[in-house]
Amino acid sequence: MRYEAGSIETKWQAKWEADGLHHARDHDPRPKFYLLTMYPYPSGDLHVGHWYPMAPSDAIARYKRRQGFNVMLPIGFDAFGLPAENAAIERGIHPYTWTMDNIARMRRQLRSMGAMWDWAREVVTCDPGYYKWNQWFFLKMYEKGLAYRALAPVDWCPKDNTTLAREQVVGDERVCERCGTPVVKKNLEQWFLKITAYADELLDFSKIEWPERVRVLQTNWIGRSQGVEFAIPVAGRPHTSFRVFTTRPDTVFGMTFCVLAPEHPLVDELTTPEHRRAVEAYKFKAARESDIERLSTEKERDGVFIGAYAVNPMNQAPVPIYIADYVLVTYGTGAIMGVPAHDVRDFDFARKYGLPIPVVIAPPGWDGQSLREAYLGEGTMVNSGPFDGLSSQEGWQRIADEMVRRGIGERRVNYRLHDWLISRQRYWGTPIPIIYCDRCGVVPVPYDDLPVRLPEDAEFRPTGESPLRYHEGFLNVRCPRCGEPARRETDTMDTFIDSSWYQYRYVSPHYDAGPFEPEKARYWLPVDQYTGGVEHAVMHLLYTRFWTKVMRDMGLVAFDEPMIRLFNQGTILGTDGNKMSKSKGNVVNPDDVVQKYGADTLRAYLMFIGPWDEGGPWNTRGIDGIARFLNRVWTLVAEPPKPAAGAGDAGPSERELDYWIHHTIRRVTDDLEAFRFNTAIAALMEFSNVLQRAKGGPLADGPLWQEALRTFVSLLAPLCPHIAEELWVEHLKQPYSVHTQPWPAYDPQKATAERITLVLQVNGRVRDRIEVAAGISDAEARELALGSAKVQQYLNGKSVADVIVVPGRLVNVVVT
RNA sequence: GCGGGCGUAGCCGAACUGGUAUAGGCGCCAGACUUAGGAUCUGGUCGGCGCAAGCCGGUGGGGGUUCGAGUCCCUCCGCCCGCACCA
């Protein structure tokens, strides 16, 4: 009989479901284990890439449960976002309909995997019962000053006449994904969350076990730098100055110019009439091109003199003021001191415009000549007035002290991290619960009025403008304070808000008195193990850490980090080695694979491709190997031994079979513990090959044989849950369910082979291999090695300098 | 440019703290069973020389440490992924 995956899988899925086998109970004496995999976005483009993160995490969940944990493995959908709205604009389907249809399709498809998801905890973020709490959190943050409104540069598409979300700006050319027009920056009033208030704490990873890679990415993204911010007066204007930030106050005497960002607020005021034309032209160019030009690595640094001069506060030297787009308005103060001798960019700039390049930090052994390139290292201060002769490190502190003493500057820490811009000029997202009243100003929506619901009867215009701006019923509202007519905020929230706290909602998805039920949260939280793609390293994974710290400071949770451990799986690629995409025609549809091979085969294949964190290309032939393996497993367990088979081979001895049982338990246990699914499956394949041989021999059908089969099926169960259940219950006649049986334990004694191959080397080269008892003493091993005829052959009269014995492995005879 | 990672058979990949390189799978070759097989089973499969026993070479190149290096150190080459004028 051939193994019929289809009927077996649907049968057990139905029974598990009916028995509530996968429901995670809130009150349970077992230790809890909260395993979370990043929830999927319900795009219409379903492929096997959705299974790749999911199947192994289900195997972990099943393994952990067998280890005695009360495991929660929830599932939900990241349901807000741009593709739904684009479908609405392009095809006239309402985003809600589009999203819910996709979710329905995905639910069915995901269920066919046979994973132990607790569907009773499902969370869908576009449900008002969910996004109500986004709004609640927003209001709480607003009260604490963590949500604020400010003018900010955003990406703007001049053709569609609308702002674009980050994700809508595509390609190296940074164009609008819909019309291909290059985006520009535009200043708009936007809502921000004050993530920078937590920048320093977010740099502390001591309470989590996350991959080095993610920690490095987050650290760089936050980009902490220490320096001094100080004021530079403008020449001839006693009351005008601008501030600059520097990490090198020790170089301040080398300043020969200043640069303001083109968008700096003082530019217009300081520009002299004869330079206005050039300045305006440069500003225009910078606004239109900065983001595009930035991509060319060899872009020449340029700028424009604005006609005004600044005064170096340390030596009163006047220096020209330029604008240049290499100075960013978004970092530091949007202005810098130009010290060409000790900064690469300033050096290039000074060369281009013929500005002097005086050395103020002498490199060790400096000959007094001018520099060929900027010198960035430490050295001795020169040309720096009273600070001459100091080391640059000491000069750093002394000049900083002097600036503080004179009240013109202070020590400062700057971050690359910006506050989180959450406003989206989009319909399909959580409405920001704010009302604008002409009399009362910015008024938060009262908590009792939450949720602010998205109107269903929205009109999606081809221009891409948010329907909320034209929806009279949504827009017009009474001010909650004075009762006069007012307007709603029409922007919605970034969807990364949804994913910042979804793990908390799974704890009590239907709870109505708060984002989650405190008592249950105390039991389940935080997440013990999180898995997902590394592409979220500096977005979602940073935001959710921020969110947790805010919740902690609100008294909602008592811990500092949302997820203790993190694992980043790789990406599954198409048969051509490229990322799977519809346009490339290399997409593998899991439905087809399940139809042809069954879910267990697909699961095992995905885990067998290679290390989980590396991903890899889909290989159509490779899955045939797994299908053959499961067919052999089926025959092995379900069909009675045939005495005639394997006549020439007596198979393993009883001791050997016992060894294989315990050896395999150890290997599979260690591998699952470390998420090494590929080698766990290889271990099972080896075991099955041994069992195959045993089946033809005298051991078949004895008690040890039965134990071997039970062990094999038991170890296979987390990886291939259906076939294991079928074999366990129907053929081995063991109690339902294999998935609730204790994980097999191994006996370390039995897991050690009785006899081993001892490698004999002469000067590190293998010369002989002999089979010996595993427990052989070093002295015995030494004697056997020296007694080996082959070893003797290589000794050949030379004197033995040393004999190195590695117990259980080898003997190396060193001769001279 | 800076940061992180990687390089092992024809292909995907094993190899724990340095200790038999290439487990397991794919593919390929041969055989068995078959009317037939792209089904199934069995055996073989790093390269060179050799009838064979065996010898030699071999983990991107070169060098080093060590009794012993895929693993550690230096250096070069190639590939992938982030960030990219951050003052």
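The chains referred to below are lettered A, B, ... by the order of the sequence lines, with proteins before strands, and numbering in each begins at 1. FYI, side chains are in, hydrogens and waters are out, and symmetry mates aren't considered; it's all heavy atoms of this structure.
- Closest to the side chain of A:F245, out of B:G25, B:A87, B:G27, is B:A87.
- Residue-level contact check: A:L810 touches the bases, meaning some heavy atom is under 4.0 Å from a base atom.
- Note on A:N812: a base of the nucleic acid sits closer than 4.0 angstrom, heavy atoms only.
- Within the 4.0 angstrom heavy-atom criterion, only backbone atoms of the sugar-phosphate kind lie near A:V216; the bases stay farther away.
- Side chain of A:T679, nearest nucleotide from B:A15, B:G54, B:C67: B:A15.
- When Watson-Crick and G-U wobble pairs are counted only if both distances are under 3.5 Å, B:G43 pairs with B:C29.
- In this structure, A:D768 places its CG atom 17 Å from C1' of B:G19, rounding to the nearest Å.
- Within the nucleic acid shown, A:Q761 comes within 4.0 Å of at least one base atom, counting heavy atoms only.
- Across all strands shown, B:G70 forms no Watson-Crick or G-U wobble pair with both distances under 3.5 Å.
- For A:R769, no side-chain nitrogen or oxygen approaches OP1 or OP2 of B:G19 to under 4.0 Å.
- Side-chain proximity of A:L328 to B:G25, B:A87, B:G27: nearest is B:A87.
- Using the Watson-Crick or G-U wobble rule with both distances under 3.5 Å, B:G18 pairs with nothing in any strand shown.
- Residue-level contact check: A:F349 touches neither bases nor backbone, having no heavy atom under 4.0 Å from any strand.
- No engagement by A:G223 is indicated, since no non-hydrogen atom pair under 4.0 Å with the nucleic acid exists.
- When heavy atoms are screened at a 4.0 angstrom cut-off, A:R416 is found touching base atoms of the nucleic acid.
- A side-chain donor from one of A:R411 and A:Q397 sits under 3.5 Å from a side-chain acceptor of the other.
- Residue A:N678 is in sugar-phosphate contact alone, with no base atom involved, counting any heavy-atom pair closer than 4.0 Å across all strands shown.
- Note: A:Y322 and A:Y353 meet the aromatic proximity criterion, with ring centroids under 6.0 Å apart.
- Residue-level contact check: A:R767 touches the backbone only, with heavy atoms under 4.0 Å from sugar-phosphate atoms and none from bases.
- With respect to A:R666 and A:D671, no salt bridge is recorded, no charged nitrogen being found less than 4.0 Å from a carboxylate O.
- Atoms CG (A:N619) and P (B:G10) sit 17 Å apart, rounded to a whole Å.
- Residues A:D624 and A:Y597 bring a donor and an acceptor atom of their side chains to less than 3.5 Å of each other.
- Nucleotide B:A53: unpaired (no Watson-Crick or G-U wobble partner with both distances less than 3.5 Å).
- If you check the side chains of A:D600 and A:Y605, you find no donor sitting under 3.5 Å from an acceptor.
- The A:W221 side chain lies nearest to B:C83 when the options are B:C83, B:A87, B:G24.
- A close approach under 4.0 Å does occur between a side-chain nitrogen or oxygen of A:Y794 and OP1 or OP2 of B:C55.
- Within the nucleic acid shown, A:D670 has no heavy atom closer than 4.0 Å to any nucleic acid atom.
- A:R224 comes within 4.0 angstrom of nothing in the nucleic acid, heavy atoms only.
- A:R545 and A:Q218 form a side-chain donor-acceptor contact under 3.5 Å, judged by distance and modelled atom types alone.
- Counting any heavy atom pair closer than 4.0 Å across all strands shown, A:L217 reaches sugar-phosphate atoms only and no base atom.
- Closest contact between the side chain of A:N220 and the listed nucleotides B:G19, B:A84, B:G3 involves B:G3.
- The pairing partner recorded for B:C2 is B:G82, the criterion being a Watson-Crick or G-U wobble arrangement whose two distances lie under 3.5 angstrom.
- Counting non-hydrogen atoms under 4.0 angstrom, A:V534 reaches nothing in the nucleic acid.
- Close to B:G57, at under 4.0 Å from its OP1 or OP2, lies a side-chain N or O of A:R765.
- Within the nucleic acid shown, A:V759 comes within 4.0 Å of at least one base atom, counting heavy atoms only.
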